[in-house]
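Order of the sequence lines fixes the chain letters, A, B, ..., with proteins taken first and strands second; residue numbering starts at 1 for each chain. Everything numeric here is computed off the predicted structure, so don't read it as measured data.
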There are 2 protein chains.
Amino acid sequence: MNIHSIETTAILTDSGNKRVHIIDATIKLISEYGFHGTPISMIAQEAGVGAGTIYRYFKDKDTLVLEIFKQVNGDFKKTLLHEYDADQPIRDRFLHLCRGIFQYGMKNPYEFKFIEQFYNSPYGTTLRRDNIFCNCGDTGQDLPLEQVFAAGQAQQLIKELPLAALIALAIGPIVFLVKDSIAGLIQLDEATVNATLAACWDAVCQMPANK
Amino acid sequence: MNIHSIETTAILTDSGNKRVHIIDATIKLISEYGFHGTPISMIAQEAGVGAGTIYRYFKDKDTLVLEIFKQVNGDFKKTLLHEYDADQPIRDRFLHLCRGIFQYGMKNPYEFKFIEQFYNSPYGTTLRRDNIFCNCGDTGQDLPLEQVFAAGQAQQLIKELPLAALIALAIGPIVFLVKDSIAGLIQLDEATVNATLAACWDAVCQMPANK
DNA sequence: ACAGGCGGAATGAACATTCACTCCATAGAA
DNA sequence: TTCTATGGAGTGAATGTTCATTCCGCCTGT
């Protein structure tokens, strides 16, 4: 019975893992080859399951990817808010969020590239457009970065630029750098990262005396 | 004979256009749907030619895309150097190049996204890695942005950051903004563009008194 | 014994590439 | 000038492959 219960647990665990394996494999492969570039058969092999098994967990390939996106994107946003303190000064909040994006990308390269891929796909673009024009987004608010910028502009700390431009100045370099780092094109030490994040602040900051 | 020569010219012209039509269609469709997302049949239809005709001009799909990339990427670099004056001050050169990238993207959205797609594909990543590790690139030097940064650092005008970080700070926001603009997510007026480019300078600039 | 999860062969659709054919401008014969 | 032969561009149906999805036995836990 002892052995038996262990076996049962192991099996249940493994059974529960099957879905996870499929998801992990999908994230990894799609982040590298894109949606149309990764066949179900490849996902099945990477996950160590039969192709048919995938359809026990997900209706079809589209659903698989969409569900994964929702989950990963949600986790990502949650991660960003970890230890985030809305009472800190603007600059600290800004750096905390930017660093969060960077660290998430470095720790979760597949998820990071997966999100990127999705946002740049026709589906992702449509989703973003809908979120902007009718603000009835299912996930609610967007990045708290918006709030930081709004508060910063009220204090005349942040440049008077459209929100989209500020976001581009803050996130653009980070995405760029993380992608190059993931691709193995560069190697970043912590000092460089800190200096680069500070430079992002310089970009959005109003005052010359910004340190 | 008059009529005859006109006909001949027209035919030659149209024949010459066929290759161009194929290339244009490929850029447009791949920029939107990606390599694996655009079948040859779709390219043929968009180009107004038979599917077989494409293979009269290009060996296969890979070759088609690779040749287009070389051409488009070359045109892009050439465009950047248009009216570029290496004797101008560092900041002016920096802004000229950044503005060039931005304007190219706005004028050639399909080409811009096509280049992006390519660089983010496994093939493009490999190509960039090879270009970095053995500097025997076929196209020779990279963006003159590198030279601007090197010269700027010598004058203590530019932050002491690795080249990759500086490039990310300069180009990241522009790529980000152009993509959003192409997707119709934002509308940019010239004042905003100028202010954003100036902000990119703030990011890479050493001195607080940067204007 | 049996219900249900599972793998992977089976299926039909979609794809990249090929090929046999059409069409037409030109060259040369009459 | 007119007729005909020729070659090469252009086509799209045919081919073989790969894909997403389905289906059917097997195997395992109960």
Inset, instruction - Could you state the atom-to-atom distance from OH of B:Y55 to P of C:dC19 in whole Å? - result: 13 Å
Legend entry - d(CZ, A:R56; C1', C:dC6) in whole Å: 7 Å
Legend entry - Partner of A:I43 under side-chain contact (heavy atoms from CB on, under 4.5 Å), chosen from A:T26, A:I27, A:I23, A:V49: A:T26
Legend entry - Side-chain N or O of A:K18 closer than 4.0 Å to phosphate OP1/OP2 of C:dG7: yes
Inset, instruction - From the options A:R19, A:K59, A:K61, select the one residue that forms a salt bridge (charged side-chain N to carboxylate O under 4.0 Å, His left out) with A:E67. - result: A:R19
For residues 100-109 of chain B, run the donor-acceptor check on the side chains, cut-off 3.5 Å, and write out each pair with its distance to 0.1 Å, sequence neighbours left out.
none

Inset, instruction - Enumerate the residues from residues 39-51 of chain B whose closest heavy atom to DNA chain C is under 4.0 Å, giving them by residue number; use none for an empty result. - result: B:P39, B:I40
Inset, instruction - Starting at atom CD1 of A:I54, determine the distance to atom C1' of D:dC23, rounded to an integer number of angstrom. - result: 16 Å
Legend entry - Nearest-angstrom distance from the residue atom NZ of A:K59 to P of D:dT22: 9 Å
Legend entry - Aromatic ring proximity B:F76/B:F69, centre distance under 6.0 Å: no
Legend entry - Toward the 5' end of DNA chain D, by each residue's nearest nucleotide, A:T53 or A:F35: A:F35
Legend entry - Under 4.0 angstrom between A:Y57 side-chain N/O and C:dC6 OP1 or OP2: yes
Inset, instruction - Check the distance between C:dA16's P and B:H36's NE2 and give it to me in whole angstrom. - result: 10 Å
Legend entry - Atom pair distance, as rounded to whole Å: CZ in A:F58 and P in D:dT21: 13 Å
Legend entry - Among A:D189, A:N194, A:T196, the one residue meeting side chain to side chain donor-acceptor pair (under 3.5 Å) with A:T192: A:D189
Inset, instruction - Keeping to residues at least two apart or across chains, list the salt bridge (Lys or Arg N to Asp or Glu O under 4.0 Å) pairs with something in residues 23-32 of chain A. - result: A:K28-A:E46
